[in-house]
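In what follows, a single structure is set out as structure tokens and then discussed.
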Amino acid sequence: MSALRRKLGDEYQVVSTSASGGGLPPPRSAPRGKRQRFVDKNGRCNVQHGNLGGETSRYLSDLFTTLVDLKWRWNLFIFILTYTVAWLFMASMWWVIAYMRGDLNKAHDDSYTPCVANVYNFPSAFLFFIETEATIGYGYRYITDKCPEGIILFLFQSILGSIVDAFLIGCMFIKMSQPKKRAETLMFSEHAAISMRDGKLTLMFRVGNLRNSHMVSAQIRCKLLKSRQTPEGEFLPLDQLELDVGFSTGADQLFLVSPLTICHVIDSKSPFYDLSQRSMHTEQFEIVVILEGIVETTGMTCQARTSYTEDEVLWGHRFFPVISLEEGFFKVDYSQFHATFEVPTPPYSVKEQEEMLLMSSPLIPPAVSNSKERNNSVECLDGLDEVGTKLPSKLQKITGRDDFPKKLLRMSSTTSEKAYSMGDLPMKLQRISSVPGNSEEKLGSKTTKMMSDPMSQSVAELPPKLQKLSGGGGRMEGNLPPKLRKMNSDRFT
């Protein structure tokens, strides 16, 4: 205990949940009345079938399974009764044959050949049947060839005896080899615990195997039994919901050579999404745990079951470690198998934690960012205007009107502002405003017109010599040497 406190700190309190273990009991609310469980801690289901009516005949159609499912006292009673009745019936048949042939009166006559030698009465007929059925063969009582009915009865006895032996001995063998007792060496923790693991609220319980023989292909499943009412008003008693214990990741496939802690992560898909420490005092549910596997020694499938009610789920607890490294092997301390200790755990449900996290993180609306971008575009336009006014007069004349870049950029800024504003409109208005041939064509025609006017003005304002060079392309080509003219013509052809 002191070593645990040195390792984990003084704020952790060890709580033993076993009946014989030490430690303080876990803090619980006021005790409630004991309610009926659907599955007991030992795995027995508290379900009784009643008012079957004429459906009871179905049990006789599968007589073998019915006999195997019976309790041991009824199995032994049926076993002894069946053999006793069969033996008495066959012994009486041999006695009837001897009586009808008159062998009982002539049993001591040496000159008479009876059906069965040395059968004087019913006990001797019974002993003859037992010797024949058990193949003891003492040699004192035997069938003679003067009795055809005895030969037929002997064949019938052999067939009937084989059927009875196969049925009853097979039934007893199956019942003795059932792996139900193997489940007695599979342990479940007496309590389940809820605490944080890897940053997530997790429901945990522990399983263990007391034998050295392994459980092949061991798999675990969990069911949540909880009554609920549908939105249509239908009441569902003991509605079964699946609890994910690692089906998607393969964590439900167990290598059960040492105690394992089974985890169910509580998230938005979990039935415990709304479960908090406060609501556990008013909830009523039952968690059924099913562990299945193949017994290594017999090859038969074994199933162990247990359940946890809401009173057996400890909030803010974690299981005590039971594995320690010794010299050359790992040691499992089963005295601490059921023990838990308290850990800091938020008392809120996962849903409440997510809501508090959303409320604590402020979000920036998209309209604010759009207005910022518009302001930035306007500031860029103003900066371009200032740059345009600082250009020399000759360059301003070449570009045409002084307000050309300003107008063109403002038009482009208006289109970008329209794009921002269209994002806030409904889909119908966006489709109407995005019809081709409206704003884009007008913008393109206006831009080409503005671009052509300043180019014509700039050419007209050039000196005469430059105007000749820019306007008279044919004259420039005529002044070229013949070799260059030929190369130019070959290039374009």
Kindly write out the residues that satisfy side-chain contact (heavy atoms from CB on, under 4.5 Å) with [X], not counting sequence neighbours, or none if the list is empty.
X	answer
T301	I294
Q229	none
N212	none

Next item on the list: Taking ring-ring contact (aromatic ring centres under 6.0 Å, His included) as the test, write out the residues that go with F188, two or more places apart.
Entry: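 With sequence neighbours excluded, F188 shows a ring-ring contact (aromatic ring centres under 6.0 Å, His included) to no residue whatsoever.
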
Show the atom names and distances, to 0.1 Å, of all donor-acceptor pairs under 3.5 Å that link a side chain in residues 233-244 to residues at least two apart or in another chain.
unit_1 : atom_1 : unit_2 : atom_2 : d
D239   : OD2    : R228   : NE     : 2.6
E242   : OE1    : K223   : NZ     : 2.6
D244   : OD1    : G246   : N      : 3.0
D244   : OD1    : F247   : N      : 3.0

Item checked: All pairs passing disulfide (SG to SG under 2.5 Å) where residues 207-246 contributes a residue, at least two apart ->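 The answer is none; no pair qualifies.
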
Next item on the list: Scan residues 143-196 for pairs that pass disulfide (SG to SG under 2.5 Å), counting only residues two or more places apart or in two chains.
Entry: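 Listed once each, the pairs are C115-C147.
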
Notebook entry, point to check: Quick one: side chain to side chain donor-acceptor pair (under 3.5 Å) pairs with a partner in residues 247-261, sequence neighbours left out?
Noted result: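 Residue pairs with at least one partner in residues 247-261: Q219-D252.
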
Next item on the list: For R101, check salt bridge (Lys or Arg N to Asp or Glu O under 4.0 Å) against everything at least two apart and list the hits.
Entry: D103, E149

Item checked: Contacts of type side-chain hydrogen bond (donor to acceptor under 3.5 Å, both in side chains), residue E296, not counting sequence neighbours ->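 Result, side-chain hydrogen bond (donor to acceptor under 3.5 Å, both in side chains) vs E296: none returned.
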
Can you give the donor-acceptor pairs under 3.5 Å from side chains of residues 83-93 to other protein atoms, not counting sequence neighbours?
unit_1 : atom_1 : unit_2 : atom_2 : d
Y83    : OH     : D165   : OD1    : 2.4
T84    : OG1    : I80    : O      : 2.7
S92    : OG     : L88    : O      : 3.1
S92    : OG     : F89    : O      : 2.5

Checklist line | Pair listing, salt bridge (charged side-chain N to carboxylate O under 4.0 Å, His left out) test, anchored in residues 60-78, at least two apart | finding: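 Non-adjacent pairs meeting salt bridge (charged side-chain N to carboxylate O under 4.0 Å, His left out): zero.
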
Note to self: Can you confirm whether Y308 sits close enough to K41 that some side-chain heavy atom of one is under 4.5 Å from a side-chain heavy atom of the other?
What the structure shows: yes

